[in-house]
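Below is one structure; the comments refer to it alone.
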Amino acid sequence: MPTVLSQSNLPGLELVHRGKVRDVYALSPGELLIVATDRLSAFDVVLPDPIPGKGEMLCQISNFWFGKTAHLVPNHLTGKDVASVLPAGTDVALYARRSVITKRLKPVPVEAIARGYLIGSGWKDYRASGSLCGIALPAGLRQAERLPEPIFTPSTKAAVGDHDENVSFAHVVDLVGREMAERVRDATLAIYRYAADYAAERGIIIADTKFEFGTDGDGTLYVMDEMLTPDSSRFWPADQYRVGISPPSYDKQFVRDYLETLDWNKTAPGPHVPAEVIAGTAAKYAEALQRLAGITLD
């Protein structure tokens, strides 16, 4: 059975960051322990109810994609055994499938987003301006329509409780310099194209996805944090895809769609989520993991 962990507790390890989903501990000057909890965030707000087993599924699908794309962009994984760094007395089974030991990198302060389809905030921006992140798009596109080619649509990195904001490539250049901006853009699109082709062969459309990158002391660029998970991507079943509607998803769009029915201003505190929505979301995550990676967590 999946384990349930809303918040990690590892006495003796230095907690350096508690994010929307992940808790990060320092192991040494050069390494981190990252724990994917079962916390659920939507619209950049952490909701009060966890999704049992979600952290395990997120960690396993990320590890799968890190391995599949290592030939394109190096990643933060060290491959070291998590059990070797857990404090004495820790329930190893609780952390084994939801944790990784990683390189400690300097984050690039940008949410690196690739979009192949027009949905979500991209669809809202397009309807308002006919463009997205400063990229002019053809007139007459419909909701969920496939774009002529994948595009890089970065956003700001919001703090917990704040909202990300779509920005132009020029803004990223101003933020990190042209060379780094181009490296991040090129890596984002290369990974997205590869993953989208892979997923398409398994009946899944990756509409869009978000990456985070970091650099080491030598300036090498790594993809880090999470990768092509239901939390960072929109996965659509290809056989149910239709232009003009928001397609059903394998991801947390299931929760977003429920929240959109509420009278909630999308600021903290978030509302409770019904048990059937929690169960349905967990099932969506599990199906994505199985279809994409061939992994079933018993």
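If you're wondering where the values come from, they're calculated on a predicted model, not measured in any experiment. What's counted below: heavy atoms across the whole structure, side chains too, no hydrogens, waters or symmetry copies.
- Interatomic distance, E260 CD to K266 NZ, rounded to the nearest 0.5 Å: 3.5 Å.
- Proximity of L5 to L94: side-chain heavy atoms (C-beta onward) are separated by under 4.5 Å at one or more points.
- Heavy-atom minimum distance, S99 versus V82: O-CG2, 3.3 Å.
- Here I295 contributes atom CD1 and I61 contributes atom CD1; the two are 8.0 Å apart, rounded to the nearest 0.5 Å.
- Put simply, CD1 on I101 and CG on L32 are 10.5 Å apart, with the number rounded to the nearest 0.5 Å.
- Under the 3.5 Å distance criterion, the side-chain polar atoms of R39 are matched with a main-chain donor or acceptor of G19.
- Side-chain atoms of T102 and Y222 form no donor-acceptor pair, as typed in the model, at a separation below 3.5 Å.
- Taking each heavy atom of T3 and E56 in turn, the nearest pair found is OG1-OE2, 2.8 Å.
- Residues V92 and L297 fall into different hydrophobic clusters, defined by Ile, Leu, Val, Met, Phe, Trp and Tyr side chains chained together at heavy-atom separations under 4.5 Å.
- With hydrogens and angles ignored, the 3.5 Å screen pairs a side-chain donor or acceptor of T261 with a backbone N or O of Y258.
- Between the R178 side chain and the V173 main chain, no donor and acceptor come within less than 3.5 Å of each other.
- Here the side chain of T215 pairs no donor or acceptor atom with the backbone of L221 at under 3.5 angstrom.
- Cluster annotation: I204 and I119 are assigned to the same hydrophobic cluster (Ile/Leu/Val/Met/Phe/Trp/Tyr, side-chain heavy-atom contacts under 4.5 Å, transitive).
- With sequence neighbours excluded, no residue satisfies ring pair (Phe, Tyr, Trp, His ring centres under 6.0 Å) with Y95.
- Distance check: S28 OG to L33 CG gives 11.0 Å after rounding to the nearest 0.5 Å.
- For the pair R291 and Y250, the NZ or CZ position fails the cation-pi test of under 6.0 Å to the six-membered ring centre and within 45 degrees of the ring normal.
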Next item on the list: Take I278 and L40, measure what side-chain contact (heavy atoms from CB on, under 4.5 Å) needs, and give me the verdict at the end.
Entry: CA-CA 10 Å; I278 290 174; L40 176 67; over 6 Å; no
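- Residues P48 and P269 have side chains not in contact (no heavy-atom distance under 4.5 Å, counting atoms from C-beta outward).
- Not one N or O on the side chain of W236 forms a donor-acceptor pair closer than 3.5 Å with the backbone of D239.
- Atoms CG and CD, from L118 and E145 in turn, are 8.0 Å apart once rounded to the nearest 0.5 Å.
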Margin query: Evaluate D38 against K54 for salt bridge (charged side-chain N to carboxylate O under 4.0 Å, His left out), listing each step before the verdict.
Written below: CA-CA 5 Å; D38 296 326; K54 172 175 171 281; over 6 Å; no
Next item on the list: Report the C-alpha distance between T153 and N166 in whole Å, list the side-chain angles of each, state the deciding distance to 0.1 Å, and finish with yes or no for side-chain contact (heavy atoms from CB on, under 4.5 Å).
Entry: CA-CA 7 Å; T153 58; N166 294 337; 5.8 Å; no
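- Other residues, nucleotides and ligands place more than 12 heavy atoms under 6.0 Å from the CD atom of E276.
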Next item on the list: Give the intermediate values and the outcome of side-chain contact (heavy atoms from CB on, under 4.5 Å) for residues L27 and L13.
Entry: CA-CA 7 Å; L27 297 179; L13 295 185; 4.2 Å; yes
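- For the atom pair K106 NZ and D216 CG, the distance stands at 11.5 Å (nearest 0.5 Å).
- Smallest separation of non-hydrogen atoms from M227 and W65: O-CD1, 3.5 Å.
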Next item on the list: Kindly determine whether D225 and K210 satisfy salt bridge (charged side-chain N to carboxylate O under 4.0 Å, His left out), including the steps that lead there.
Entry: CA-CA 11 Å; D225 190 47; K210 174 174 65 178; over 6 Å; no
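- In this structure, K68 and L228 have side chains that are not in contact, with every pair of non-hydrogen atoms separated by 4.5 Å or more.
- Here side chain to side chain donor-acceptor pair (under 3.5 Å) pairs that include residues 72-90, with residues two or more places apart or in two chains, are E31-K80.
- Aromatic ring orientation, Y198 versus F64: tilted (interplanar angle from 30° to 60°).
- Put simply, M57 and V277 are part of the same group of oily side chains (I, L, V, M, F, W, Y) that touch within less than 4.5 Å, one to the next.
- Residues L47 and V255 have side chains in contact (heavy-atom distance under 4.5 Å, counting atoms from C-beta outward).
- Using a 4.5 Å heavy-atom cutoff, the side chains of Q143 and Y126 are not in contact.
- For the side chain to side chain contact (heavy atoms under 4.5 Å, CB included) test with V167, the passing option among V110, D174, T156 is T156; the others fail.
- C59 and V100 make their closest contact through SG-CG1, 3.8 Å (heavy atoms, listed as atom of the first residue, atom of the second, distance).
- When side chains are defined from C-beta on, W264 counts as touching V45, because their heavy atoms get closer than 4.5 Å.
- Annotation: side chain of F235 is in contact with side chain of L292 (closest heavy-atom distance under 4.5 Å).
- The closest donor-acceptor contact from the side chain of T229 to the backbone of S232 lies under 3.5 Å.
- Both Y194 and Y192 sit in one connected hydrophobic cluster of ILVMFWY residues. Membership requires side-chain heavy atoms under 4.5 Å apart, directly or through other members.
- Nearest heavy-atom pair, S8 versus T37, reported as atom, atom and distance to 0.1 Å: N-CG2, 4.3 Å.
- Judged by distance alone, the side chain of N265 and the main-chain N or O of T267 form a donor-acceptor pair under 3.5 Å.
- In the hydrophobic clustering of this structure, L175 groups with F213; members are Ile, Leu, Val, Met, Phe, Trp, Tyr whose side-chain heavy atoms approach within less than 4.5 Å, directly or through other members.
- S168 contributes a side-chain N or O that, together with a main-chain N or O of H171, makes up a donor-acceptor pair within less than 3.5 Å.
- In this model, a donor atom of one side chain and an acceptor atom of the other lie less than 3.5 Å apart for R115 and S121.
- Panel note: side chain Q240, backbone P247; no donor-acceptor pair is recorded below 3.5 Å.
- Other residues, nucleotides and ligands contribute more than 12 heavy atoms inside 6.0 Å of the CZ atom of R127.
- Side-chain contact between L10 and L86 is present, with at least one heavy-atom pair separated by less than 4.5 Å.
- Closest approach of P52 and A282 over heavy atoms only: O-CB, 4.3 Å.
- With 3.5 Å as the limit, one finds a donor-acceptor pair spanning the side chains of Y285 and D231.
- Formation of a donor-acceptor pair under 3.5 Å by the S129 side chain with backbone atoms of D125 is found in this model.
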